[in-house]
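Structure first, then comments.
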Amino acid sequence: MNPQPASSASAPSPHVTDHLARVFAQYPLPVASAEGVWLHTRDGRRVLDLYGGHAVAALGYGHPGWTRALAEQARSCQFQSNAVPMDVRLRAAERLVRFAGLGLDTVFFVNSGAEANENALKMAFRMTGRARVVALEHGFHGRTAAAGAITWGAAGTWYGFPRAPFDVTFLPRGDRAAIAREITADTAAVIVEPVQGVGGAFDLGADYLRALRERCDATGAALIFDEVQCGVGRTGYPFAANMYGVTPDMITTAKALGNGFPCSALMMSEEVAAAVKLDVLGTTFGAGPLACAAIEAVIDAIESEKLLERVRRVSAYVRATCIVGPVTGHQGAGHLTGLRTSRPAREVQRELLARDILTGTSGDPHVLRLLSPFILEEQHVDLLRSALLSIPK
Ligand SMILES: Cc1ncc(COP(=O)(O)O)c(C=O)c1O
């Protein structure tokens with residue numbers, strides 16, 4: 001989603017042969033270390049990170065509480081699966097449920113956003129006995145078989161499986177008539193990102209989400225919020241569900257949840273959880289103690305450092321001060337910020353990187369996407385504003 005032409009600065013270190021599969025085109029940014037909101041490169045640059053490794057580094061880099069929690073857990077017991085009880089796992093689930101406060105009180109920890117979505121769909125099929133899923137145009141849900149099938153545009157591009165595992169209908173964003181027409185008695189699940197990430201930091205809004213909730217209630221479909229990117233504080237609320245006052249039947253979340261330790265969660269209502277029988281769900285790595293220690297530390301930092309308030313304040317400051325130079329407007333919520341650009345966002349991104357500021361693009365060619373760490377301060381936003389002012393419109 002954010003390809004940059006390779007340059008000599010991004011070439012592998014001369015002492016290492018590169019055996020890695022070509023996945024994303026890479027930024028010309030050979031990161032050697034990082035601290036706070038700053039990346040330090042092998043060639044001596046200090047770069048302000050407003051992208052956080054695709055929304056992952058919520059606490060920035062080298063956060064002391066998170067680092068300590070992982071080191072202590074690594075020393076005490078680095079791994080046991082769900083087959084044995086562990087206090088750290090119970091604590092992580094309790095912390096997450098309390099943090100959300102949505103009544104989605106049963107948690108299944110897995111490893112990635114796509115895996116959480118696959119399991120959410122599986123639960124919806126089990127509960128309803130139906131086989132059709134409704135998703136949204138411009139939505140992104142991951143790259144595995146089921147998650148890719150509900151991702152807008154994947155079928156015609158990278159999907160790579162011979163057929164989708166179930167029928168999917170994509171709704172145009174904001175189209176109320178399509179809600180009534182397409183969500184019917186044969187719909188197992190409706191899955192949406194309340195604030196679309198890859199789609200361009202696009203905020204679906206409370207009214208639209210409420211209409212989805214009402215239609216799911218009327219038809220018996222399960223409503224799933226994919227908060228892999230917008231959850232765990234990124235909007236300035238625990239989840240976008242809290243911000244909008246709309247509670248789905250399931251939330252999937254990942255990215256910020258571990259601050260870089262790979263993990264994800266499926267949070268379920270009581271009714272969904274009642275369909276979880278022994279051996280219906282499973283995982284080797286999910287809910288491992290290191291992941292759980294990371295989750296506990298992330299939520300602890302968000303709460304004890306009042307980061308939700310800070311996300312709301314600093315993201316409002318971005319919106320108030322950074323509509324300058326090639327930026328003509330904003331969209332999104334909290335630190336899932338879309339800056340609308342007069343020039344192609346990719347060009348603005350390139351110019352910002354030349355000024356030592358890392359940002360992201362999106363599926364909308366005129367939206368620059370900021371996924372800043374929650375620890376961002378106004379002084380860092382001032383650097384972004386100055387850089388934007390120096391870029392031609
Ligand atoms: C909203 C959303 N859902 C799901 C995913 C997939 O997550 P993962 O790459 O961890 O499988 C992403 C990744 O960008 C995402 O933004």
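Atoms within each ligand, like the ligands themselves, are counted from 1 in listed order.
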Aromatic ring proximity H54/F24, centre distance under 6.0 Å: yes

Distance-minimising heavy-atom pair for F109 and T283: O-CG2, 3.8 Å

Within 45° cone of F202 ring axis and under 6.0 Å: R173 NZ or CZ: yes

Could you list the donor-acceptor pairs under 3.5 angstrom formed between side-chain atoms of residues 235-242 and any protein atom two or more places apart in sequence or on another chain?
unit_1	atom_1	unit_2	atom_2	d
T235	OG1	Y237	N	3.4
N242	OD1	F239	N	2.8
N242	ND2	A100	O	2.8

Side chain to side chain donor-acceptor pair (under 3.5 Å) partners of H63, counting only residues at least two apart: E305

Within the protein, residues bringing a heavy atom under 4.0 Å of ligand 1, chain by chain: S112, G113, A114, N117, F140, H141, G142, E193, D226, V228, Q229, K255

Set of ring-ring contact (aromatic ring centres under 6.0 Å, His included) partners for F285, sequence neighbours left out: F79

